[in-house]
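Please read the structure below before turning to the comments.
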Amino acid sequence: MSVAVATTGTPLRRLGNLLYRRPNLYLLMLLIPPLLWFGAIYLGSLLNLLWQGFYTFDDFSMTVTPELTLVNFAALFNPANFDIILRTLSMAVAVSLASAALAFPIAWYMARYTTGRTKAFFYIAVMMPMWASYIVKTYAWTLLLAKGGVAQWFVQRLHLEGLLQLLLDIPGVGGSTLSTSHLGRFLVFVYIWLPFMILPIQASLERLPPSLLQASADLGAKPRQTFMQVVLPLAVPGIAAGSIFTFSLTLGDFIVPQLVGPPGYFIGSMVYAQQGAIGNMPMAAAFTLVPIVLIAVYLSIVKRLGAFDAL
Amino acid sequence: MHSDRASWGLRLAAWGGLVFLHFPILIILLYAFNTEDAAFSFPPKGLTWKWFSVALARPDVLQAITLSLQVACLATLIALILGTLAAAALYRRSFFGKQAISLMLILPIALPGIITGIALLSAFKRLGVEPGLFTIVVGHATFCVVIVYNNVIARLRRTSQSLIEASMDLGADGWQTFLYIILPNLGSALLAGGMLAFALSFDEIIVTTFTAGNERTLPIWLLNQLSRPRDVPVTNVVAMLVMLVTMLPILGAYYLTRGGESVAGSGK
């Protein structure tokens, strides 16, 4: 009977029945459009980019010739380029650590002490700044940190000028003003990526059964011991998952370093300058390999910490 | 540990954290109404609505808004189609290469945007494609797919398979089942995913910098304003508008996907 229906129905119906009886064909038809898009456009472009890293750039004529060379990749280890990599990497690590420290109390409070409406409120209150426009958030910070801006007003009101000057005088951290200091850039990065850290930690703490904490207390552990030996180890996957975002997003950024902080390239701004102003696409392509490798290494580390189960 | 009340320190840290997250946003809202036209001084001397009409009369602002809306709509449409197809293919059956496909979908947002941007740029150059609306949309659609995919696959996993079987048993063909059973079930997930993809595309700047050529989307217009601080009040107003367009879809997506384990915005 169903066969009869299948052969006499509308074309649409026949197609539907055919696909139902041939699940592999159905799967193939579903997969072809996304696979074509991602395979041809995305992976194709990525491979093309890496391939260009082997091309030769002539400094005198400023032209690219398709002669294969390893010079670009070797140049990554120049002291100047290595400096850029190190500067970016240390910022990414510092931002990840600070975000984790700031995010933890918020996530802990959300997971343990809020229910129902308050939890939903906190959830939205973390999510909205996370999705709010990146460029506008950065702009807001240039307003905050500017001379005569909000930050300065607060510092003056609280009479903290001395303390701020002390911070700005520390080499490697400070700078001449807040908006041209490493400290300012660090603040902006932490602000922008903080929500990406809060949510995974909150999710991992949410799964922590309260009975575990009671058991720990019953067995005589002080709150601090419970925290160090029960809560923190179980939150590590969440922290690691959050740090994937803070780490990789800081590593590739070129807008914040351009707008806030002292001069000096980041990996992202170097790539941007190489392909744009300098026109050295092969060097830019070679430089993009740096964040890819660093992120791959980082992912293999955090994978051991269970980060992927907490994503 | 004491269980029912948080200590003062913790409460302060948690609420303080929220204030930290929202303070810069409030500053943007405040400065859009600032009467001064050249300074960042705080607190503002006075508040006014007049910059809104000034900003919305500027042809460059209007052009940027139009372009951004066009890009976001087209990218969202492509992302909806590709993301739903991928989710439908991957949610139940396991087959060779399934992990690789889901990794490939995530890659455009897992890798820094600068890599996606420059890769697309070099590919467009090689193929001789002129940068413009088309290239911007291609870039945006690529990283928006995963947002739709995440929302739809979460919903599909929660949709009971027996509903589909029941529909088939009652004589519906595949198309009818799709139209009357699957699609209504997916509806709000598609809407939520679409809204988030729209917000993501509307705000994107890093990939866009590379694929836009001479075109200016709204975020690029904003960035150009920042390096040349000429008309601060107009910039402030546009900043506020962009902020609202990107924040409000979160509320909508949250209410549409509420009650499930799926988290609408969890993977920006």
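Computed from a predicted structure; not experimentally measured. Here is how names work: the chains are called A, B, and so on, in the same order as the sequence lines, proteins then strands, and each is numbered from 1. Quick note: numbers below take in every heavy atom, side chains included, and nothing from hydrogens, waters or symmetry partners.
In this structure, chain B has heavy atoms under 4.5 Å from both the backbone and the side chain of A:I135. Using a 4.5 Å cut-off between heavy atoms, A:Y191 contacts chain B through both its backbone and its side chain. Within the 4.5 angstrom heavy-atom criterion, only side-chain atoms of A:I295, from C-beta onward, approach chain B. Only the side chain of B:I101 comes within contact range of chain A, with at least one heavy atom under 4.5 Å from a heavy atom of that chain. Proximity to chain B (any heavy atom under 4.5 Å) is shown, for A:N24, by both the backbone and the side chain. There is no contact between A:A107 and chain B, counting heavy-atom distances below 4.5 Å. Contacts of B:L120 with chain A are made by both backbone and side-chain atoms, with heavy-atom separations under 4.5 Å. At a 4.5 Å heavy-atom cutoff, the contact between B:I205 and chain A is made by side-chain atoms alone. With a threshold of 4.5 angstrom between heavy atoms, B:L244 does not approach chain A through any atom at all. There is no contact between A:I192 and chain B, counting heavy-atom distances below 4.5 Å. If you measure heavy-atom distances from A:L194 to chain B, the contacts under 4.5 Å come from the side chain alone. Residue contact with chain B, scored on non-hydrogen atoms closer than 4.5 Å, involves the side chain of A:L43 exclusively. Proximity to chain A is limited to the side chain of B:F95, based on heavy atoms less than 4.5 angstrom apart. For a residue to count as touching a neighbouring chain, one of its non-hydrogen atoms must lie under 4.5 Å from one of that chain's; by this rule B:F178 does not touch chain A. For A:F247, no part lies near chain B; criterion is any non-hydrogen pair under 4.5 Å. Residue contact with chain A, scored on non-hydrogen atoms closer than 4.5 Å, involves the backbone and the side chain of B:P108 alike. Of the two parts of A:M128, the backbone and the side chain both hold a non-hydrogen atom closer than 4.5 Å to a non-hydrogen atom of chain B.
Contact of the B:Y31 side chain with the A:V150 side chain is registered, since non-hydrogen atoms from C-beta on lie closer than 4.5 Å. For the pair A:V136/B:T246, no side-chain contact is recorded, criterion being any heavy-atom separation below 4.5 Å from C-beta on. With contacts defined as side-chain heavy-atom distances shorter than 4.5 Å, the pair A:V260/A:L187 does not qualify.
In this structure, A:F254 has its ring center no closer than 6.0 Å to that of A:F266. Between A:F122 and B:W15, the ring centre distance stays below 6.0 Å. Aromatic rings from A:F104 and A:F227 are positioned such that their centres are separated by under 6.0 Å.
Interatomic distance, A:L47 CG to A:Y42 OH, rounded to the nearest 0.5 Å: 10.5 Å. Distance check: B:I250 CD1 to B:L196 CG gives 5.0 Å after rounding to the nearest 0.5 Å. Distance CD/B:Q99 to CE/B:M104: 13.0 Å, rounded to 0.5 Å. Note that CD of A:Q52 and CD1 of B:I118 are 9.0 Å apart. Values are rounded to the nearest 0.5 Å.
Contact count versus chain A (heavy atoms, under 4.5 Å) is highest, among B:L105, B:L251, B:L121, B:L222, for B:L105. Heavy-atom pairs under 4.5 Å with chain A peak, among B:G171, B:A123, B:S122, at B:S122. Most heavy-atom pairs under 4.5 Å with chain A: of the set B:K125, B:M243, B:R126, this distinction falls to B:R126. In terms of heavy-atom pairs under 4.5 Å with chain A, the best-connected choice from B:E204, B:Q176, B:R11 is B:R11. In terms of non-hydrogen atom pairs under 4.5 Å with chain B, the most contact-rich of A:L102, A:L249, A:I255 is A:I255. When each of B:L21, B:L90, B:L18 is checked for heavy-atom pairs under 4.5 Å with chain A, B:L21 comes out on top. Ranking B:G83, B:P24, B:G117, B:A89 against chain A, the residue ahead of the rest is B:P24, based on heavy-atom pairs under 4.5 Å. If you tally non-hydrogen atom pairs under 4.5 Å between each of A:T288, A:V230, A:N48, A:D218 and chain B, the highest count goes to A:N48. Counting heavy-atom pairs under 4.5 Å between each of A:V271, A:L299, A:L50, A:T250 and chain B puts A:V271 at the top.
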Determine all donor-acceptor pairs shorter than 3.5 Å in which one atom belongs to a side chain in residues 137-146 of chain B; sequence neighbours excluded.
{"from": "B:H140", "atom 1": "ND1", "to": "B:S201", "atom 2": "O", "distance (Å)": "3.4"}
{"from": "B:H140", "atom 1": "ND1", "to": "B:S201", "atom 2": "OG", "distance (Å)": "2.8"}
{"from": "B:H140", "atom 1": "NE2", "to": "B:T208", "atom 2": "OG1", "distance (Å)": "2.9"}
{"from": "B:T142", "atom 1": "OG1", "to": "A:W37", "atom 2": "NE1", "distance (Å)": "3.1"}
{"from": "B:T142", "atom 1": "OG1", "to": "B:V138", "atom 2": "O", "distance (Å)": "2.7"}

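Residues passing the side-chain hydrogen bond (donor to acceptor under 3.5 Å, both in side chains) test with B:T177 are B:S167, sequence neighbours excluded.
Of all non-hydrogen atoms in A:K119 and A:M110, the two that sit nearest each other are NZ-O, 2.9 Å.
The aromatic rings of B:F210 and A:Y272 sit perpendicular to each other, their planes meeting at more than 60°, with 30° as the lower class boundary.
With 3.5 Å as the limit, one finds a donor-acceptor pair spanning the side chains of A:Q202 and A:E206.
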